[in-house]
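Please read the structure below before turning to the comments.
Counting begins at 1 with the first residue of the sequence. Bear in mind the structure is a predicted one, so any value in this text is a computation, not a measurement.
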Amino acid sequence: MLRDYLSAVAKKWWADTGFVLTLLGYLALLRLGVDISPLWWLVASMALLAAAQFAVYRDLRDSIPPVTEPEPQLALWALHVASASANGCWLTALMWGDRGDVPWDSSFTQRMIAQILKQLGLIDSKIDIRLTSHFAAITSPKGNGSGSPDIDFEIDGEPATVMCHWRTSADAIDMDWVLQHLEDSFRFLLSPLVNELVRPNGRRLLVLGLSNWPAGGIAAPSLQSASRPYQARTVSGNRVVTPPRSIFTRSDLADANLDFGRRILQDGGFVGFEEELSGAVEGLVEQLWPASEPARRGRR
């Protein structure tokens, strides 16, 4: 790269300087009849050399593609959880990002478990806990022989990944149930403890999913303006999974939930729901992140 740069400067230097100085000297002698001093020639030469260097630097800078940092890694076990399909319908809130500075030691593990139990209103005798050197999974109810718990929180430190998983066997799935458990999920995902594990910056990503719909599909009794005026759609086994998106600001949170709700209701055949859904999502976000609260800061 240095050799190319010096070569390019030399070419611009000799070509530009030779042409410009020759032209100036010719005009000075022809029009003014004066001889230009060596000092003036040196100053002009240095100025043209600086211009040549700047031009070459700009050309080389524009020709080099920008280097972008790769997106944060997602734990391998989490690749397919948003499309879970066993024994009921699953709601998933999956977040990952840059690893925070907190070490994954026994103290952090205990704080994480205590946070989950407190939020869910459970005691440790009512849950199953699996631990490794950088992983924790908390499921409820305890000892579910079917292998399909109603609640499944999984946290990984290598790479930093956090998942909230909720299961229901209801038929149909009520949108109020979806919104309520999204609020429960984000109350945990945006907590100070999780921020220690997944750095709260613009590279923190989120995926939401609702999968394996029952035969009854989606119900939205609280959205009075929502209707299904066209032929009923068969949605059994349907999946809605949002693309990854940043989750850093209050606006990010609102947009993620609104987009997810819109996808579910449209897949369920509903129309005319947008205004009421927007109000419901705004109420959810207000509970989690009041508009009056100062902007939260994180390292980008």
Side-chain angles (χ1 to χ4, degrees), residues 69-78 81-82 91-122 127 129-138 151-166 179-209 242-260 281-282 284-300:
E69 190 175 0
E71 288 190 348
Q73 288 185 310
L74 174 65
L76 292 177
W77 59 262
V81 295
L91 173 66
T92 303
L94 178 64
M95 187 178 78
W96 69 100
D98 295 325
R99 181 74 158 84
D101 297 328
V102 61
W104 189 294
D105 54 19
S106 59
S107 173
F108 178 76
T109 302
Q110 289 177 302
R111 288 194 295 135
M112 185 69 74
I113 293 172
Q115 169 83 14
I116 295 173
L117 293 179
K118 179 180 179 181
Q119 179 171 328
L120 298 179
L122 298 173
I127 63 172
I129 301 176
R130 293 180 288 124
L131 299 175
T132 71
S133 59
H134 59 83
F135 176 83
I138 294 88
I151 304 171
D152 180 17
F153 280 38
E154 299 190 24
I155 305 98
D156 201 335
E158 297 179 6
T161 306
V162 184
M163 182 198 72
C164 301
H165 225 173
W166 312 86
L179 293 173
Q180 178 58 56
H181 285 84
L182 285 176
E183 180 179 334
D184 294 336
S185 299
F186 284 116
R187 198 170 298 282
F188 177 68
L189 294 176
L190 301 177
S191 66
L193 182 59
V194 173
N195 286 346
E196 294 181 35
L197 179 68
V198 184
R199 189 167 295 164
N201 58 21
R203 287 164 47 81
R204 182 173 58 176
L205 300 176
L206 172 77
V207 160
L208 299 175
T242 65
R245 61 167 65 218
S246 172
I247 180 70
F248 180 55
T249 67
R250 187 182 193 277
S251 177
D252 292 338
L253 181 62
D255 291 345
N257 283 280
L258 189 60
D259 177 61
F260 185 47
V281 168
E282 180 60 31
L284 181 155
V285 174
E286 182 67 21
Q287 290 292 323
L288 297 164
W289 197 329
S292 58
E293 181 177 316
R296 301 177 182 179
R297 296 186 180 272
R299 286 178 290 176
R300 286 187 178 273

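Summarising the geometry, atom OG belonging to S106 is positioned 10.5 Å from atom CZ belonging to R111; distances are rounded to the nearest 0.5 Å. We find the CD1-CD1 distance between I116 and I127 to be 7.5 Å, quoted to the nearest 0.5 Å. Distance check, rounded to the nearest 0.5 Å: CG of L182 to OG1 of T92 gives 10.0 Å. For the atom pair L190 CG and M95 CE, the distance stands at 6.5 Å (nearest 0.5 Å). In this structure, the separation between CH2 on W166 and CD on Q180 is 9.0 Å, given to the nearest 0.5 Å. Of the inter-residue distances, the one linking L258 atom CG with E282 atom CD reads 10.0 Å to the nearest 0.5 angstrom.
Of all heavy-atom pairs between A256 and L206, the closest is CB-CD2, 3.8 Å. Heavy atoms only, all atoms of each residue included: N195 and P200 are closest at O-CD, 3.6 Å. L253 approaches W289 most closely through the heavy-atom pair CD2-CE3, 4.3 Å. Scanning all heavy atoms of the two residues, the minimum distance from V207 to W96 falls at CG2-CH2, 3.7 Å. For the pair L205 and P72, the tightest heavy-atom approach, listed with the atom from each and the gap, is CD1-CD, 4.3 Å. Heavy atoms only, all atoms of each residue included: E158 and D156 are closest at N-OD1, 3.0 Å.
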Practice task
Could you go through the side chain to side chain contact (heavy atoms under 4.5 Å, CB included) check for L131 and I113 one step at a time?
Solution key: CA-CA 10 Å; L131 299 175; I113 293 172; 4.2 Å; yes
Practice task
Go through the steps to decide whether I151 and H165 satisfy the test side chain to side chain contact (heavy atoms under 4.5 Å, CB included), and finish with yes or no.
Solution key: CA-CA 6 Å; I151 304 171; H165 225 173; over 6 Å; no
Practice task
Please test L94 against L74 for side chain to side chain contact (heavy atoms under 4.5 Å, CB included), starting from the C-alpha separation and ending with a verdict.
Solution key: CA-CA 10 Å; L94 178 64; L74 174 65; 4.1 Å; yes
Practice task
Show your reasoning for whether side chain to side chain contact (heavy atoms under 4.5 Å, CB included) applies to L189 and C164.
Solution key: CA-CA 8 Å; L189 294 176; C164 301; 4.1 Å; yes
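D252 and R204 are not joined by a salt bridge, as no carboxylate oxygen comes within less than 4.0 angstrom of a charged side-chain nitrogen.
Using a 4.5 Å heavy-atom cutoff, the side chains of R99 and W104 are in contact.
Ring planes of F153 and F188: tilted class, angle from 30 to 60°.
Counting non-hydrogen atoms of neighbouring residues, nucleotides and ligands closer than 6.0 angstrom, the CD atom of E286 exceeds 12 such neighbours.
Just one residue in the list R203, R199, Q73 forms a side-chain hydrogen bond (donor to acceptor under 3.5 Å, both in side chains) with D98, and that residue is R203.
A distance-only check finds no donor-acceptor pair linking the side chain of E196 to the backbone of G100 [under 3.5 Å]. No side-chain donor-acceptor contact under 3.5 Å links R250 to the backbone of L288.
With hydrogens and angles left out, the side-chain atoms of W77 and T161 include no donor and acceptor closer than 3.5 Å.
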